Each structure stands twice: as structure tokens, then as C-alpha cells.
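Okay, structure first, notes after.
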Amino acid sequence: MLNSLSASPIDDHHYMTLALRLAEHGLYTTHPNPRVGCVIVKNHQVVGQGAHLRAGDLHAEAHALRQAGSHAEGSDIYVSLEPCSHYGRTPPCVEAVIAAKPKRVIIAMQDPNPLVAGRGIAALREHGVEVVLGVMEKEALALNVGFVARMKRGLPYVRCKVAASLDGRTALSNGKSQWITSEAARSDVQHWRAQSSAILTGIGTLLADDPSMIVRLDGVVRQPLRVIVDAKLKTPLQCKMLEPSMLEQSPVFIAYAQDESQQASLLEAAGAQLMQLPDAKQQVDLEALLRLLAQRGVNDVLVEAGQAINGALLRAGLIDEFIFYYAPKLMGSDAKSMFLIDELTDMQQAIDLQVLDVRSIGCDIRLRARIATDRD
């Protein structure tokens with residue numbers, strides 16, 4: 001029977017919720033590290049708390065332990081990710097946790113890095129610390145889907161954002177698409193940009209809209225990488241993405257297959273970083289591009305492109321999540337569709353989606369979904 005000072009499963013859920021809320025403070029800033037929160041509890045009182053906010057800064061456990069001081073001994077430590085067990089920019093957190101002599105460490109999820117997964121947990125148990133694993137694991141995973149994808153698959157988590165009319169059209173036949181959705185929806189997109197490590201677009205969108213792909217939110221201190229898929233290097237030297245003021249905020253990577261017009265050196269001189277990644281059809285090898293981005297520490301990619309790139313990613317099975325913004329407009333059958341894919345001749349060929357969330361954003365509707373599996 002639990003005594004009056006012992007934590008119950010309800011307590012564990014409550015304090016892990018606090019840890020996850022702290023982790024959310026790093027939603028826009030921790031790249032390439034995971035978002036982690038920590039809460040230290042003794043006699044039902046929070047004696048220390050902290051979050052990891054950016055790479056190179058103290059980890060969540062270090063912040064919380066520093067605040068708790070001697071009160072950490074005999075405490076319950078709630079942390080949303082297994083304490084790290086390796087030396088990086090900061091010492092291993094598990095050593096500091098063990099030195100603090102807690103009674104229990106409650107962990108939401110195991111470190112997804114296969115090189116160290118489970119080591120922190122094993123070290124705690126070897127030193128007599130009780131470990132409870134899996135409290136609110138689903139919520140912790142959702143907060144770090146990109147980091148988990150990069151660690152386990154060697155690929156970033158890819159979200160494909162599509163702004164469309166109610167009849168599923170993303171641009172007029174002449175390429176014009178500004179603006180289909182409302183200002184409220186476009187503002188909502190900024191939050192998805194801010195939590196992404198990179199924003200990816202295609203040469204078609206670049207030529208039609210000349211976007212900057214910069215996050216426009218007050219207080220944002222980190223801009224995502226900007227990636228252009230441009231098979232034949234048609235990127236104009238005078239485009240907004242290559243303006244010096246924009247490059248100061250965020251670098252631009254251009255993935256290409258062939259340099260027919262001998263533009264590579266000019267684009268590099270303008271400040272772009274080029275990656276030649278041809279596939280067998282002399283198009284950009286999108287999987288190779290994503291793997292290269294993962295090697296550079298990219299956790300989450302937000303795709304803001306047209307039907308060609310969207311369709312190519314869909315055909316290659318590289319989209320993890322869709323974010324559809326539907327505007328109360330009808331644009332007709334001649335307007336451009338969301339995805340350029342081969343014609344389907346049977347309903348069995350249709351791609352089934354599982355809806356994750358639906359909500360109103362201003363006058364528009366935002367629908368998040370992923371491709372359904374047999375288990376859905």
C-alpha cells in the first residue's frame with residue numbers, strides 16, 4: 001500500500017505533463033537536439049524544473065538539478081527523454097542524476113539513438129535507482145517525431161503543407177496561387193515553419209511566387225534551412241531567397257541533377273550551397289537529399305511546394321504527414337491539383353489517409369493526416 005508521501009500513477013501523469021510542457025518551450029529552438037523537460041518532486045512539492053532550449057546549453061536535467069540542490073536526494077525525477085549517457089557539447093546527464101541520489105527516475109521515452117538507447121536507464125538501475133519507463137510515452141514521441149525519425153531511419157520527419165480550395169486545387173492553370181487561404185491560415189503556417197529544421201520547395205513554386213521562406217514570428221531566434229529542389233539549376237540569381245539580408249538569416253541549399261546553363265558557380269557566388277544528387281531520370285534524388293539533410297542534423301522538413309514535388313515525394317513514400325489548409329473557394333477543373341501522380345483506374349489504387357486533427361483556422365479548415373496503414 002502506498003504511504004502518504006509516495007507518488008501514485010495519477011501523480012506520475014501529472015508531473016510528466018509538467019515536464020512535457022517545459023519541453024515545449026524548446027519547440028522552435030532545440031534543433032538538432034530533442035525537446036526535453038524535467039521536473040524534480042519531493043514530498044509532493046516541485047523542488048526543481050528545467051528544459052533544454054538550444055544545442056550547447058544545459059540539458060533539462062542539469063537545469064532542474066541545479067535548482068533543486070540538496071532537495072534532489074530521495075526525490076522523484078520526471079524527465080521526458082532518457083537521460084543522456086554520452087559526452088557531447090555537455091557532460092552525460094545520467095552521471096549528474098545518479099550523483100543526486102534520487103529515489104526514482106520516471107522517464108517518458110527511451111533515447112531513440114541506437115548507439116546509446118537504454119544505457120542511461122541501465123546505469124540508473126545499476127546504481128540502485130528505481131526507473132519507471134513509458135509514462136506518457138506517446139506524447140513525448142509526438143513532441144520529437146523528427147528527432148526519432150532521424151535517429152531510427154536516417155531520414156527527417158517530412159510534413160507536406162498544401163493550401164487548396166475546397167475542390168482540391170492549389171494554383172490556377174497559369175501558376176498563380178497568391179492567396180488561396182486567409183491571413184489566419186498563413187499565420188498558422190509560420191508556427192509549422194518555426195518548429196521545422198528545414199523548409200523545402202521546388203523550382204516551380206520559386207519561379208511562380210518568388211517566396212522568401214523565412215519564419216515571420218516575433219521572437220523567433222532560429223530560422224530553418226531553406227532547400228530548393230531544382231533539377232536543371234534554373235534558380236534566378238535575383239530571387240528573394242538569395243537576397244543578402246535573407247541569407248544572413250538562413251542558408252539556402254539547392255539540390256540539382258544537371259547544370260545545363262552553367263549556373264552552379266554563379267549561384268554559389270551568390271551565396272547558395274549546391275548539392276548535385278541526380279537519379280536515373282536526371283531528376284533530383286529526393287531520398288538521397290533527405291538522407292543528406294538528416295546527416296546535417298535536420299529533424300523535421302516542412303514541404304511547401306507544388307504538385308510536381310508533392311507528387312514525387314508521395315510516390316517515393318517520403319511524406320510522413322500532410323497538413324491541408326482548405327479555403328472556402330472553388331477554382332475549377334483546369335486549376336492545378338495537389339499531387340502530380342499517375343492516373344488511377346480503380347478505387348483500390350486510392351491512397352487512404354488517417355485524419356489526425358481537424359480544426360478551423362479563421363475562415364479556413366486545417367486538416368492533418370497521414371497515410372493509413374493496415375493497423376489503422
Side-chain angles (χ1 to χ4, degrees), residues 15-39 49-64 78-84 88-90 93 107-109 111-113 135-152 155-161 184-200 213-227 249-250 293-294 296-304 320-323 325 356-357 359 361 366 368 370:
Y15 291 121
M16 188 60 77
T17 298
L18 294 181
L20 288 166
R21 286 176 180 170
L22 287 167
E24 289 176 355
H25 292 174
L27 190 63
Y28 300 159
T29 57
T30 60
H31 161 90
N33 291 352
R35 297 131 184 167
V36 184
C38 180
V39 174
Q49 58 185 343
H52 180 54
L53 297 180
R54 56 183 56 84
D57 285 0
L58 290 178
H59 287 188
E61 301 95 315
H63 280 296
Y78 295 83
V79 61
S80 59
L81 179 69
E82 174 186 358
C84 62
R89 298 187 190 182
T90 59
C93 286
I107 300 168
M109 61 175 282
D111 191 325
N113 186 341
V135 176
M136 299 189 72
E137 181 180 25
K138 181 179 178 181
E139 290 81 357
L141 285 166
L143 192 59
N144 284 303
V145 288
F147 182 75
V148 173
R150 179 165 68 87
M151 289 293 113
K152 290 191 172 183
L155 288 167
Y157 188 86
V158 176
R159 294 183 176 93
C160 181
K161 186 274 292 185
R186 299 197 300 275
S187 177
D188 188 67
V189 171
Q190 299 301 314
H191 294 277
W192 293 105
R193 285 186 180 183
Q195 64 182 277
S196 302
S197 304
I199 302 171
L200 184 149
M213 295 295 179
I214 290 290
V215 178
R216 294 182 179 86
L217 287 176
D218 292 338
V220 168
V221 297
R222 180 197 63 82
Q223 290 286 346
L225 302 178
R226 295 171 296 158
V227 182
Q249 298 183 63
S250 167
L293 291 175
R296 292 173 177 260
V298 169
N299 293 331
D300 308 80
V301 172
L302 180 65
V303 178
E304 297 192 45
D320 294 295
E321 183 180 324
F322 303 88
I323 306 175
Y325 291 89
L356 304 175
D357 178 71
R359 65 185 64 193
I361 306 290
R366 189 188 76 192
R368 292 174 53 214
R370 64 179 177 85

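Numbering of residues begins at 1 and proceeds along the displayed sequence. None of these values were measured; they are calculated from a predicted model.
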Would you name the heavy atoms of Ala64 and Cys38 that are closest together and state the gap between them? CB-SG, 3.7 Å
OG/Ser196 to CG/Asp300 distance, rounded to the nearest 0.5 angstrom? 5.5 Å
Got a sec, which residues hit side-chain hydrogen bond (donor to acceptor under 3.5 Å, both in side chains) with Glu321, two or more places apart in sequence or on another chain? Tyr157, Arg368
With Ile107 as partner, the option from Val135, Leu81, Val79 fulfilling side-chain contact (heavy atoms from CB on, under 4.5 Å) is Val79
Is there side-chain contact between Ile323 and Trp192, with at least one heavy-atom pair below 4.5 Å? yes
For the side chain of Arg226 and the backbone of Ser250, is there at least one donor-acceptor N/O pair under 3.5 Å apart? yes
Are Asn299 and Asn144 packed together at the side-chain level, in the sense that at least one heavy-atom pair is separated by less than 4.5 angstrom? no
Near Arg21 CZ, under 6.0 Å, is it more than 12 heavy atoms from other residues, nucleotides or ligands? no
Kindly determine whether Thr17 and Met136 satisfy side-chain contact (heavy atoms from CB on, under 4.5 Å), including the steps that lead there. CA-CA 8 Å; Thr17 298; Met136 299 189 72; 3.3 Å; yes
So do Arg150 and Pro32 actually touch side chain to side chain, heavy atoms under 4.5 Å? yes
Within the 4.5 Å heavy-atom criterion, are Arg366 and Asp357 side-chain neighbours or not? yes
Should Leu18 and Gln49 be marked as a side-chain contact (heavy atoms from CB on, under 4.5 Å) after you check the CA-CA gap, both sets of side-chain angles, and the distance that decides it? CA-CA 9 Å; Leu18 294 181; Gln49 58 185 343; 5.8 Å; no
Can Leu143 and Met109 be said to form a side-chain contact (heavy atoms from CB on, under 4.5 Å), step by step? CA-CA 11 Å; Leu143 192 59; Met109 61 175 282; over 6 Å; no
What are the two closest non-hydrogen atoms of Gly297 and Ser197, and how far apart are they? O-OG, 4.4 Å
Do Arg193 and Glu304 touch side chain to side chain, with heavy atoms closer than 4.5 Å? yes
At their closest point, which heavy atom of Ala294 faces which heavy atom of Pro156, and how far apart are they? CB-CD, 3.8 Å
In a check of side chain to side chain donor-acceptor pair (under 3.5 Å) between Tyr28 and each of Arg222, Arg54, His191, Gln195, which one passes? His191
Do the non-hydrogen side-chain atoms of Leu293 and Val227 ever get within less than 4.5 Å of each other? yes
So, do Val36 and His59 sit near enough that their side-chain heavy atoms are less than 4.5 Å apart? no
Polar side chain donor-acceptor pair, Thr30 to His52, under 3.5 angstrom: no
Please find the pair of heavy atoms, one from Ala194 and one from Val220, that lie closest to each other, and give the distance. CB-CG2, 4.5 Å
Would you say the side chain of His63 lies within less than 4.5 Å of the side chain of Leu53, judging by non-hydrogen atoms? no
So, the side chain of Arg35 versus the backbone of His25: is there a donor-acceptor pair under 3.5 Å, distance only? no
